[in-house]
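This report concerns only the one structure given below.
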Amino acid sequence: MNSPALATDQTSPLNLDRFPRVAMCHQPTAIEAMPRLSAHLGGPELYIKRDDCTGLATGGNKTRKLEFLVGDALAKGADVLVTQGAVQSNHVRQTAAAAAKFGLKCHALLERRVPGTDESYETTGNVFLDRMFGTTIEFRPAGLDMNAEAKAATQKLKEAGHSPYFIPGGGSNEIGALGYAVCAEEIHTQSTDFDWIVLATGSTGTQAGLVSGLHALGNTTPVLGVSVRQPEDIQIKAVHALGQSTADKLGAPALPVKKVLVDDNYVGEGYGIPASSTLEALALAATWEGLLLDPVYSAKGFAGLVGGVRGGKFTEGEKVLFIHTGGSAALFAYEQQLAAVM
Ligand SMILES: *Cc1c(COP(=O)(O)O)cnc(C)c1O
């Protein structure tokens, strides 16, 4: 534990300050009511936890993960962070900013994962911000094992005399997931009144950290991950695997697989392609609550919230907490598509 800016959270019930960590996140993030949207939809009381306001390069869920990942990188003497994501990755943008903040270099591999995008998709939104933070970028075609590609790039940097630190896509390993064990502690302290917690799930670290953290705290609030990409069965297995290894790291009891709930009804045609329910969710959040979602992640998650109210999964008298994981920087890469329907 020799990094220069360690967070000292002496009140952590999960004793999370035993892990290397830097302080970056504006936390605890606020929980706000959404009274106008709740009245409009009818049924449960809807709340939102503002993890879009975590304070690193327009915010988002990767800030919490990066507190532990950068802490670990500094403890290991790294001088460059290597990571990967889709072209409009929020994770890469936030990793790039964290690297700049701690005097590290950043090298990113961007997968051309989304079909049918225009030229500006690779220069605007998050890519524009990546470059602003001085990150070096390599593009890759869709369908490769991107973590293997990034590991190979890490090895190359090592051979060239650097001290690279590999961060998997989305910052999703048991180190990054600790950031969402912190979020679990926050929610547990802020209110035990929620009947449901709902969020978007992609590379799994957010849901895995949240579920393992709540489990370690003995908090039984169900957490529903709304998939942005993969079918339910595959996503449940992936979240559970990382949730279990995170629970192990926390010294918590085994994580029952039934604690991992996923809904894949809002994916649409695939990752990064907004479905009609995604566009409706963007518009509902904007016009009823003045909230900015993003078309890749948080609006698909929010569509799951809205669909759950309409379908009777969440009912009158219940309180439902949506975790806003951020992503609005990607809006500008979707301006043409969105302007056509807003
Ligand atoms: C990465 C991301 C998610 C998904 O989190 P995972 O830990 O990858 O499952 C959700 N929302 C936004 C805005 C993201 O950038």
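Numbering starts at 1 and runs along the sequence shown. Since the model is a prediction, treat every value here as computed from it, not as a measurement. In each ligand, atom 1 is the first atom listed, and ligand 1 is the first ligand listed.
In this structure, a donor-acceptor pair under 3.5 Å is absent between the side chains of N61 and Y180. When only modelled atom types and interatomic distance are considered, N147 and Q84 share a side-chain donor-acceptor pair under 3.5 Å. E67 and Q27 form a side-chain donor-acceptor contact under 3.5 Å, judged by distance and modelled atom types alone.
The 12-atom threshold is not exceeded at NZ of K237, counting heavy atoms of other residues, nucleotides or ligands nearer than 6.0 Å. Within 6.0 Å of CD on E159 lie more than 12 heavy atoms contributed by other residues, nucleotides or ligands.
Scanning for salt bridge (Lys or Arg N to Asp or Glu O under 4.0 Å) contacts around K105 gives an empty result, with sequence neighbours left out.
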Could you go through ligand 1 and list every pair where one of its N or O atoms sits under 3.5 Å from a protein N or O, giving the atom names and the distance to one decimal?
unit_1: ligand 1; atom_1: 5 (O); unit_2: N61; atom_2: ND2; d: 3.0
unit_1: ligand 1; atom_1: 5 (O); unit_2: T206; atom_2: OG1; d: 3.2
unit_1: ligand 1; atom_1: 7 (O); unit_2: K65; atom_2: NZ; d: 2.6
unit_1: ligand 1; atom_1: 7 (O); unit_2: G205; atom_2: N; d: 3.3
unit_1: ligand 1; atom_1: 7 (O); unit_2: T206; atom_2: N; d: 2.9
unit_1: ligand 1; atom_1: 7 (O); unit_2: T206; atom_2: OG1; d: 2.6
unit_1: ligand 1; atom_1: 8 (O); unit_2: S203; atom_2: N; d: 2.9
unit_1: ligand 1; atom_1: 8 (O); unit_2: S203; atom_2: OG; d: 2.5
unit_1: ligand 1; atom_1: 9 (O); unit_2: G202; atom_2: N; d: 2.7
unit_1: ligand 1; atom_1: 9 (O); unit_2: S203; atom_2: N; d: 3.2
unit_1: ligand 1; atom_1: 9 (O); unit_2: T204; atom_2: N; d: 3.0
unit_1: ligand 1; atom_1: 11 (N); unit_2: T325; atom_2: OG1; d: 2.6
unit_1: ligand 1; atom_1: 15 (O); unit_2: K62; atom_2: NZ; d: 2.8
unit_1: ligand 1; atom_1: 15 (O); unit_2: N90; atom_2: ND2; d: 2.9

